[in-house]
Amino acid sequence: MKNRSFWKIWVLTGLLMAITTTITAQETELTLDDLFATPKLTGTTPSRPVWAPNSQHFAFSWSEPGDPGRGLWVSTKDGKEIRLVSDRASTFVRDMVWTNANTIISLRGNHLWQTSLRQGTDLQLMTVETGAHNLSISPSGNQAAYIRNGDLWLADFPSKQNRQITEIGIASISNLQKGRYSRPEREIGPGIWSGPTYKWSPDGKKIAIHVVDRREMRKVPFPDYLADETNPNEVRRSYPGDPNEIRMVGLLDVDSGNMIYLDLPDPHANQIIDFNWSPGGDLLVDTASDTAVERTLFVVAPGESQLREIWRGVRESRMYTSFGSSWHPDGQQVVFLSDMGDRYGLNTIDPSSSKSGPQLLTDPSYDVLSTPSIAGDALFYAGNGVNPYEQHVYRLNISRGDPEQVTYLAGRNDGYPSPDGKYLVFMHSNDTSPSELYVVNSEGGDAKRITHSPLPAFTERTWVAAEYVNFPSLVDDYTLHARILKPTNMQPGKKYPVLFGPVYSNTARNRWAGNYSLVQQLLVNKGYIVVQVDSRGSDGYGRAFREEFLLGFADQDIEDYASAVAYMESLDYVDPDRIGIWGSSYGGTLSVYSLLKKPGLFQVGVAAAAAVDPVFFGTDDVAIVRTPQTHPEVFERKALNYAANLEDKLLFIHGMQDHVVPFKTTAMLAEELIKQGKNFDFAFAPGATHGWSGERNYDHYLFGKLIEYFDRYLAEPSE
């Protein structure tokens, strides 16, 4: 530019200003229809990668922008060569495993396909049973296991035969197969909220399986009003204090089909976090009580079924938490994720010694946020060592001692190391970019992007990045943290409306959150300032801050939002008379309780799928409210007890097939509000579940209602 004449600079500047003005004019046209059009603006999110056993390639399912379906893609370890290896005419790829360094078996529809990298072929190998899922290759590579209707099947490649090897599965009592709790009466699979499925032993002779039995759980009707006649449709769904699902671990002999169940304590009150085989055939079983108070690690020796407890931790203040475990790279010690200190950390313990206690491996100044992945002689894990808003992948080389940061792209990063530990594929997203795959040398260097998923209509727009701020709590000594999105064309002297939401814990994060991120961008585009706060219960700020949420739902965390409102009102561009709040699930709870317990704090609230009566919480929620038998006072904290306080504008959103937060509970609160003579609004969806925000048609309709509501009461006042 230094060698160009002044008039050329002036002309170019004018052109750039004109182009910017044009782009800005185009970007103001963003609509709800744009966000929920097909194909999606953000394209197809790549699947988690699967590494070849020799660490030379990794595979994933994905499709290029605008292409339907999911193909099978393979990349070299360094990301320099990426190609589609599946037949474009074949069905979507749903699962994949490597049988050797050059061959991939993938599940597409009711068939297994065999893809050879060496020969460049992609051929249909054999038929499997309808509904097959959770594909896993045997150690020999000659057969694969899969789950179908709650039972384990084997697909034998040489004979092309399928064999059912368990008789465990019992069909669901629900005849409407949607919603979180429409699950089989008994199955091999995870629990309703978490848990493993099955894993082969190193010699391929046994399979450890997770069996879940729900036949002792309460039957709860969730009426289906879309049937020819109203169908009561029962599902198994317990409440706090009820019997929970029974979770067991079995050792299945592959040849004989014989099953031995491990004698785990209180299977109706303890969940199986995970189980893992050591290279020598020891089985590590990781359990925790549903309340999260107790955590126990067991080991089962090869050829035995006797459990040996190697560690047990008890803490009454523990609540929802991150657990995980694996075998140390030496194959002898155990590494487990726990919160014994102020932060989550990885600890190691020697199962052979009854005298040695856990030893902390990771940096105690930040939280470890994932179970370790073992690769080569290193542990890979996610943590928030940079700041609370970001998640990066770290490597701990056992022979070198100190953890090393591997990812450096600001945002959220989830890692998948190669078996030899030399490369790391990671899923990255941030405030303005949906999830994409990258690969990096774990010793250092620049990351290479593997996928480019969004449509041109997405990449051609300018999306608003967030600011991250902190401010003091008004009720105690905590420092609170928030994420703020502002309109790009803010005018000096003008005051703008503020929307808190979606509110929840762990929201002040630099990451892409699917439909929520798209809706936030639309709201900012319409002139709203969007704020998210890490209220107490969030990770990243120490154990005390996190565990204050125990027994304290809709209490001190609402004070955190009051502090955040005060901070926003102190800014000269914020209109203190136009502040709203919205969220779903517990975010809906925060929204409605904020209006009822602190009238006037927010002028408008939208409460979606809001849990408003702890009596109807789920059995997993005993981790935050315990039970009516032990803490009856908590279960009196019903929203309808505060119904007389409603002064502000309130819109309820609820799906009538929501099994997690029953529609009944919002209906009961609505009835009480009517009796109290209160005015409020309601948007319901007859077939929507708890996950309405990601369900086709319901997402467009209900987000539309949410935006219309805020526009009606908070948009720019008419002149």
Side-chain angles (χ1 to χ4, degrees), residues 387-390 431 464-510 516 520-521 523-538 540-542 545 548-549 552 554-583 587 590-607 645 647-650 709-711 713-717:
N387 60 54
Y389 323 125
E390 297 184 24
D431 289 324
V464 178
E467 299 176 14
Y468 292 86
V469 303
N470 61 75
F471 48 88
S473 165
L474 298 180
V475 296
D476 50 35
D477 294 331
Y478 286 123
T479 296
L480 302 173
H481 297 252
R483 172 181 183 264
I484 303 177
L485 299 171
K486 299 177 184 177
T488 56
N489 56 347
M490 291 178 68
Q491 302 170 19
K494 182 176 178 179
K495 293 186 179 293
Y496 291 83
V498 175
L499 292 180
F500 283 81
V503 293
Y504 213 89
S505 56
N506 299 310
T507 55
R509 299 291 185 268
N510 186 357
Y516 284 145
Q520 285 182 326
Q521 293 286 338
L523 290 167
V524 172
N525 191 259
K526 290 170 70 67
Y528 294 99
I529 297 171
V530 172
V531 183
Q532 290 180 288
V533 179
D534 272 356
S535 54
R536 53 201 73 202
S538 298
Y541 311 105
F545 185 79
E548 280 207 18
F549 188 55
D555 188 15
Q556 289 295 95
D557 48 4
I558 292 178
E559 296 295 344
D560 293 338
Y561 283 91
S563 298
V565 169
Y567 169 76
M568 294 303 297
E569 289 179 343
S570 72
L571 305 176
D572 58 9
Y573 51 79
V574 167
D575 187 340
D577 296 323
R578 292 189 293 155
I579 300 180
I581 184 171
W582 69 279
L590 281 170
S591 300
V592 70
Y593 275 86
S594 292
L595 267 61
L596 298 181
K597 296 183 73 175
K598 284 188 174 293
L601 179 64
F602 299 99
Q603 286 72 54
V604 185
V606 178
N645 296 339
E647 297 176 359
D648 307 293
K649 302 299 182 183
L650 171 61
Y709 204 70
F710 286 129
D711 283 349
Y713 295 112
L714 295 182
E716 181 125 9

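For clarity, every value in this text was computed on a predicted model and none was experimentally measured.
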Heavy-atom distance under 4.5 Å between the side chains of Ser535 and Tyr561, does that happen here? yes
With distance as the sole test, does Asp557 use its side chain to make a donor-acceptor pair with the main-chain N or O of Asp555 at under 3.5 Å? yes
Can you give the donor-acceptor pairs under 3.5 Å from side chains of residues 465-476 to other protein atoms, not counting sequence neighbours?
residue	atom	partner	partner atom	Å
Glu467	OE1	Lys486	NZ	3.2
Glu467	OE2	Lys486	NZ	3.3
Tyr468	OH	Asp431	OD1	2.9
Tyr468	OH	Asp431	OD2	3.0
Tyr468	OH	Arg483	NE	3.4
Tyr468	OH	Arg509	O	3.2
Tyr468	OH	Asn510	N	3.2
Ser473	OG	Val475	N	3.1
Ser473	OG	Asp476	N	3.3
Ser473	OG	Asp476	OD1	3.0
Asp476	OD1	Tyr478	N	3.2
Asp476	OD2	Arg536	NH1	2.9
Asp476	OD2	Arg536	NH2	3.1

Test ring-ring contact (aromatic ring centres under 6.0 Å, His included) applied to Phe602 - qualifying residues, sequence neighbours left out: Phe500
His481 vs Tyr541 side-chain heavy atoms within contact, under 4.5 Å: yes
If you compare all heavy atoms of Ile529 against all heavy atoms of Pro487, which two are closest, and at what distance to 0.1 Å? CG1-CD, 3.9 Å
Within the structure provided, determine whether Leu480 and Ser563 are in side-chain contact (heavy-atom separation under 4.5 Å). yes
Ser591 side chain vs Ala607 backbone, donor-acceptor pair below 3.5 Å: no
For the residue pair Ile581 and Val503, establish whether any side-chain heavy-atom pair is separated by less than 4.5 Å. yes
Taking all non-hydrogen atoms of both residues, which atom of Asp534 and which atom of Phe545 are closest, and how far apart? O-CZ, 3.6 Å
Give a yes or no answer on whether the side chain of Gln603 reaches the backbone of Lys649 with a donor-acceptor pair at less than 3.5 Å. no
With sequence neighbours left out, the residues meeting salt bridge (Lys or Arg N to Asp or Glu O under 4.0 Å) with Lys597 are none
Look up atom OH in Tyr389 and atom CG in Asn387, then write down how far apart they are to the nearest 0.5 Å. 6.5 Å
Can you find a heavy atom in the side chain of Gln520 that is under 4.5 Å from one in the side chain of Val464? no
Sequence neighbours left out, what pairs pass side-chain hydrogen bond (donor to acceptor under 3.5 Å, both in side chains) with at least one residue falling in residues 495-504? none
As an exercise, state the distance from CG of Asp560 to CD of Glu548, rounded to the nearest 0.5 Å. 8.5 Å
Between the side chain of Arg578 and the main-chain N/O of Ala715, is any donor-acceptor distance below 3.5 Å? yes
Please check this pair: side chain of Asp648 against backbone of Gly600, looking for a donor-acceptor N/O pair closer than 3.5 Å. yes
Residues forming a side chain to side chain contact (heavy atoms under 4.5 Å, CB included) with Glu569, sequence neighbours excluded: Val565, Pro576, Ile579
Any donor-acceptor pair under 3.5 Å linking the side chain of Gln532 with the backbone of Ala482? no
Side chain to side chain contact (heavy atoms under 4.5 Å, CB included) evaluation trace for Leu499 with Leu714: CA-CA 9 Å; Leu499 292 180; Leu714 295 182; 3.6 Å; yes
Residues passing the side-chain hydrogen bond (donor to acceptor under 3.5 Å, both in side chains) test with Tyr516, sequence neighbours excluded, are none
Evaluate the side-chain proximity of Lys598 to Asn645: yes if any heavy-atom separation is below 4.5 Å, no if none is. no
side-chain hydrogen bond (donor to acceptor under 3.5 Å, both in side chains) with Asp711: which residues, sequence neighbours excluded? Lys526, Tyr528
So, Tyr709 side chain and Leu650 main chain: donor-acceptor pair closer than 3.5 Å or not? yes
